[in-house]
Amino acid sequence: MIYICTIDTPLGAMTAAARENGLIGLWFVGQRYYPAGTDLWVCEPDHAIFEQTRDYLALYFSGTAGAPEVRLAPSGSSFQKTVWDILTRIPTGQVATYGQIAQYIARNRGLASMSAQAVGGAVGHNPISILIPCHRVVGANGSLTGYAGGLDKKAALLRIEKSEPGTTMEFFTPKQ
């Protein structure tokens, strides 16, 4: 069963979706790739996962959030999940490029190269906005590109995080 609720944020209403095993989605209402069929999901605003999500978002928008403690359970391909895991490793206040993420994946898989466009597709289909910080991925020249919630929201999220424009991570370190 999929549970759903609406969470109001300073950037607009968001739809949160969960199963018993964790949060499966967090989308700005009406964004690109907004899921179809949400009207068939069960409205359960008091679900514990939604309470944790609301608490985290309140801290996030106040600029005081640490790492999310919400259990995440996005559905996607193995490649998408790899990319989404990498996104969770980009520290608050920093950004990475699609190319950097592609190089990191290629290096870890022993490949000569990896498509930045493939990474972009996975980033763009991230179902859990903010908690899986796809807004921290920028174009090769540091420009703001592609965000399903809209570039205005991406820019606002980076301002909340006090990200330095044009500063990207040089490498990723594996989680211990």
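Keep in mind that this is a model prediction, so the values were computed, not measured.
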Kindly determine whether Val42 and Met1 satisfy side-chain contact (heavy atoms from CB on, under 4.5 Å), including the steps that lead there. CA-CA 8 Å; Val42 177; Met1 180 166 302; 3.6 Å; yes
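- For Gly124 against Ala148, the heavy-atom pair with the smallest separation is O-CB, 4.1 Å.
- Hydrophobic clustering (side-chain heavy atoms under 4.5 Å, transitive across Ile, Leu, Val, Met, Phe, Trp, Tyr) keeps Trp27 apart from Met14.
- In terms of heavy-atom proximity, Ile24 sits nearest to Ala73 at CG2-O, 3.1 Å.
- Connection of Ile90 to Met114 is established within a shared hydrophobic cluster, with ILVMFWY side chains joined at heavy-atom distances below 4.5 Å, either directly or through further cluster members.
- In this structure, the side chain of Thr15 does not engage the main chain of Thr6 through any donor-acceptor pair within 3.5 Å.
- Asn126 CG to His135 NE2: the interatomic distance, rounded to the nearest 0.5 Å, is 10.0 Å.
- The stretch residues 46-71 participates, sequence neighbours left out, in these ring pair (Phe, Tyr, Trp, His ring centres under 6.0 Å) pairs: Tyr3-His47, His47-Phe50.
- Under the 4.5 Å side-chain contact rule for hydrophobic residues, Ile132 and Ile2 do not share a cluster.
- Closest approach of Gly146 to Leu151, counting heavy atoms only: N-CD2, 3.8 Å.
- Trp41 and Val70 sit in two unconnected hydrophobic clusters of ILVMFWY residues. Membership requires side-chain heavy atoms under 4.5 Å apart, directly or through other members.
- Proximity of Val119 to Ile86: side-chain heavy atoms (C-beta onward) are nowhere separated by under 4.5 Å.
- Screening residues 107-128 for ring pair (Phe, Tyr, Trp, His ring centres under 6.0 Å) gives Tyr33-His125 as the qualifying pairs, with residues at least two apart or on separate chains.
- Separation of atoms OG1 (Thr53) and CG (Leu23) is listed at 4.5 Å; rounding is to 0.5 Å.
- Remark: side-chain polar atoms of Arg54 are paired, donor with acceptor, to backbone N or O of Pro45 under 3.5 angstrom.
- Taking CG of Leu26 as the reference point, atom CG of Leu72 lies at 9.5 Å (rounded to 0.5 Å).
- A donor-acceptor pair under 3.5 Å is formed between the side chain of Lys154 and the backbone N or O of Val137.
- In the model, Tyr104 has no side-chain atom that pairs as donor or acceptor with a side-chain atom of Arg109 under 3.5 Å.
- Between the CG atom in Asp152 and the CG atom in Leu11 there is a gap of 8.0 Å [rounded to 0.5 Å].
- Salt-bridge annotation for Lys81 and Asp85: absent, with no side-chain N of the basic residue lying under 4.0 Å from a carboxylate O of the acidic one.
- A donor-acceptor contact closer than 3.5 angstrom is absent between the side chains of Ser143 and Thr145.
- Across Pro74 and Pro127, no two heavy atoms sit closer than the pair CB-CG, 3.6 Å.
- Minimum heavy-atom separation, Phe79 to Ala122: CE2-CB, 4.0 Å.
- Taking NZ of Lys153 as the reference point, atom CD1 of Ile160 lies at 11.5 Å (rounded to 0.5 Å).
- Under the 3.5 Å distance criterion, the side-chain polar atoms of Arg136 are left unmatched by any main-chain donor or acceptor of Gln94.
- Tyr34 and Ile128 end up in different hydrophobic clusters when Ile, Leu, Val, Met, Phe, Trp and Tyr side chains are linked at under 4.5 Å.
- Taking all atoms of both residues into account, the shortest heavy-atom contact from Val123 to Cys134 is CG1-CB, 3.6 Å.
- Annotation: the span from Tyr147 atom OH to Gln31 atom CD amounts to 6.5 Å, rounded to 0.5 Å.
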